[in-house]
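Since the structure comes first, as structure tokens, the remarks are kept for the end.
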Amino acid sequence: ERSSFHPAPHPTMADNGAPEPMEAENADAAAAGFGTQHTHVDVLVIGAGPTGLGAGVRLQQHGHGSWMLIEGMATPGGLARSEATPQGFLFDMGGHVIFSHYQYFDDLLDYAVGTGPEVWSTIERCSFIWLKDRYVPYPFQNNLHVLDPEDQAVCLRGLVDATVAAAEHGGTIKPANFDEWILSVMGEGIANLFMRPYNFKVWAIPTSGMQCDWLGDRTKPIDVKAAISGVIDGRPLAPQPRSTFRYPQTGGTGGIWNAVERTLPKERVHYGKKVVGLDLDRKIVVLADQTTISYDACLSTMPLDYTLTLLGRQDLASRLFYSSSHIIGLGLRGSIPHGKKSWLYYPEDDCPFYRCTCFSTYAKGNVPPDDAMLPTLRLAGGKPGAPETRPGPYWSLMFEVSESPLRPVDRATVVEDTIKGAIATQLIDENDEIVSVYHRHLPHGYPTPTVVRDQVLSVVLPELKSKQFYSRGRFGCFKYEVANQDHSVMMGVEAVDNILFGAMEVTHDHPPMVSKMRNVELVYTPPATDDQPEE
């Protein structure tokens with residue numbers, strides 16, 4: 001008989017910060033080779049990010065009686081969490097916004113977080129590329145009229161060449177990599193001026209090393225005649241896409257996942273539980289404190305390269321390329337000088353970051369209240385600040401810097417380099433007062449869709465699933481094309497339905513399908529409460 005689990009208080013952390021032990025109920029567990037601290041569940045979920053929480057929500061929704069969610073960190077959210085500085089500035093772990101393809105996802109967030117303008121702010125996407133000391137509206141290829149005449153000519157010649165080449169082969173030649181796709185769609189001029197340098201800063205790998213299947217319908221073909229007319233007439237090729245997204249008024253993106261986690265039974269969710277061992281045949285995971293958990297099915301959001309390393313398959317793990325991310329936040333005194341701009345792209349070498357988010361624009365709750373009394377740590381140009389405290393108002397910027405073996409970053413100077421880059425790109429002035437500085441290094445930032453990625457995934461993911469080990473989520477399945485927050489939640493939901501009922505995993509198995517449609521068939525229904533009986 002396998003032992004049952006008696007939960008410790010939530011979160012499961014001892015006073016000294018160590019995980020609470022999970023004691024086996026009987027000696028049979030030790031005799032079976034599990035050790036004296038062992039438990040068994042039907043479904044084990046590893047990771048309390050959006051995918052793991054989505055799985056927990058679905059298990060709870062189905063009323064399943066034997067499941068557990070473990071998380072190595074002390075809080076939920078994973079890469080979608082938020083952190084506050086001592087001065088009260090809030091920063092996300094990157095540029096996370098809510099774009100949804102699923103009614104279920106929207107319903108869940110409405111239930112967990114709430115509805116209405118007092119809960120959500122509605123932000124209009126207002127994006128630009130900073131290039132050669134000017135803002136070019138996004139998307140770049142639709143706004144060539146903003147460029148210098150010389151750059152306009154180079155870009156148009158490249159577009160014409162790409163159009164002629166496509167006509168000659170009838171569009172039958174499939175690009176072998178992302179770089180070939182860029183050249184075939186946009187031409188050499190746009191490739192060299194924007195697409196190649198920008199994407200190298202994002203992915204920290206040359207575009208020739210990336211596949212192009214992940215693009216889906218992210219970029220539309222360019223009408224070269226319209227592009228020429230736009231340059232001549234001094235107008236954009238097409239209006240800037242007008243899209244809006246919602247963002248929490250308080251708590252940042254992490255506040256969403258804190259709220260979702262609160263919908264789950266406290267006794268099911270356990271923190272400080274890092275997985276350090278894995279036996280797929282016996283269906284056992286080993287935690288850092290040497291406790292063990294056995295399962296009938298496991299949904300893991302651990303990075304796939306880490307899972308493969310635990311399984312002794314470093315040969316496969318080494319073929320999965322990813323970049324790490326540096327998130328740098330600046331809290332400043334004054335009013336934000338950038339209008340309604342939401343996020344900005346930086347392809348050039350005058351700054352280390354590839355993207356800057358005007359983070360205080362998203363929600364007033366991302367910065368301290370105006371009457372908060374804070375000292376000036378320093379001026380942006382490097383002069384010392386003043387020890388006396390003064391009130392606001394306050395504003396903030398969040399920067400993202402990618403790092404990989406192909407694009408090294410000096411971690412000791414990356415914050416200072418970012419501040420200098422912000423001055424060089426006219427985001428801040430040398431005399432701006434910095435009242436708070438934030439820096440977080442994320443070892444796993446972007447799962448890179450390299451040209452060899454699918455050779456690994458096509459073998460590894462089915463093999464793991466055949467052993468009832470579902471590796472899902474942004475890094476769990478390494479599919480950037482379905483790595484947004486809505487995709488991640490639904491991967492957890494659909495994996496649970498597959499485990500319990502054999503239902504199709506549409507998001508994981510068919511990324512091109514979900515990027516082109518909105519799923520309104522599956523809806524979230526809150527679990528019944530004492531005063532709300534199930535029908």
Side-chain angles (χ1 to χ4, degrees), residues 94-95 125-159 162 177-210 212 214-215 218-220 222 227 231 236-237 240-241 323-328 338 341-358 397-404 406-409 414 417-428 445-446 448-449 480:
R125 174 174 178 167
C126 185
S127 302
F128 292 84
I129 300 103
W130 179 258
L131 183 73
K132 296 190 175 182
D133 296 329
R134 76 194 66 187
Y135 283 115
V136 180
Y138 175 90
F140 183 84
Q141 62 271 20
N142 285 2
N143 293 281
L144 303 181
H145 67 288
V146 178
L147 305 178
D148 290 331
E150 296 82 1
D151 290 331
Q152 290 175 351
V154 170
C155 290
L156 288 177
R157 280 197 296 269
L159 276 173
N177 54 54
F178 186 28
D179 195 72
E180 289 188 8
W181 181 91
I182 294 170
L183 292 175
S184 66
V185 173
M186 301 181 184
E188 192 82 34
I190 295 176
N192 291 333
L193 195 60
F194 174 61
M195 292 294 289
R196 281 170 171 160
Y198 175 72
N199 279 284
F200 181 68
K201 289 184 76 173
V202 174
W203 298 100
I205 186 175
T207 50
S208 57
M210 298 173 63
C212 54
W214 63 275
L215 288 165
R218 283 177 170 84
T219 305
K220 304 297 183 184
I222 302 173
V231 169
L237 175 59
Q240 185 174 11
S323 61
S324 64
S325 295
H326 294 268
I327 311 300
I328 296 104
H338 301 300
K341 293 183 178 70
S342 49
W343 63 84
L344 310 165
Y345 304 108
Y346 294 85
E348 296 178 296
D349 292 332
D350 54 354
C351 62
F353 46 88
Y354 63 86
R355 181 164 57 189
C356 174
T357 299
C358 299
L397 298 173
M398 181 180 67
F399 306 86
E400 296 166 81
V401 179
S402 284
E403 178 183 359
S404 79
L406 300 178
R407 188 178 186 272
V409 170
V414 66
D417 293 342
T418 294
I419 294 173
K420 291 178 179 177
I423 295 173
T425 56
Q426 301 180 30
L427 282 166
I428 59 177
Y446 277 75
T448 310
Y480 174 78

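With a 4.5 Å cut-off on side-chain heavy atoms, Leu183 and Arg196 count as touching. Contact annotation: the side chain of Arg407 never approaches that of Pro206 to less than 4.5 Å [non-hydrogen atoms, C-beta and beyond]. A 4.5 Å side-chain heavy-atom check between Ile129 and Tyr135 finds every atom pair outside the cut-off. Taking 4.5 Å as the limit, some side-chain heavy atom of Leu131 sits within range of a side-chain heavy atom of Leu193.
Although no hydrogens or angles enter the test, the distance criterion places a donor-acceptor pair under 3.5 Å between the side chain of Arg134 and the main chain of Val146. His326 places no side-chain N or O within donor-acceptor distance of the main-chain N or O of Glu403, the cut-off being under 3.5 Å. Of the possible donor and acceptor atoms, one in the side chain of Lys201 sits under 3.5 Å from a partner among the backbone N and O of Cys351. Between the side chain of Ser127 and the backbone N or O of Leu344 there is no donor-acceptor pair closer than 3.5 Å. Distance alone, capped at 3.5 Å, is enough to place a donor-acceptor pair between the Asn177 side chain and the Asp179 backbone. Not one N or O on the side chain of Asp151 forms a donor-acceptor pair closer than 3.5 Å with the backbone of Leu147. At least one donor-acceptor pair under 3.5 Å links the side chain of Asn143 to the backbone N or O of Pro139. Using modelled atom types, no side-chain atom of Glu400 and backbone atom of Phe353 make a donor-acceptor pair closer than 3.5 Å.
Ring pair Tyr354/Tyr345: centre-to-centre distance not below 6.0 Å. Ring-centre distance between Trp214 and Phe178: below the 6.0 Å cut-off. Ring centers of Trp343 and Trp130: at least 6.0 Å apart, outside the cut-off.
Within a 6.0 Å sphere centred on NZ of Lys341, other residues, nucleotides and ligands contribute more than 12 heavy atoms.
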Audit row: Trp203, Tyr480, ring-ring contact (aromatic ring centres under 6.0 Å, His included) steps and yes/no: CA-CA 11 Å; Trp203 298 100; Tyr480 174 78; 4.8 Å; yes

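Heavy atoms only, all atoms of each residue included: Ser325 and Gly445 are closest at OG-CA, 3.4 Å.
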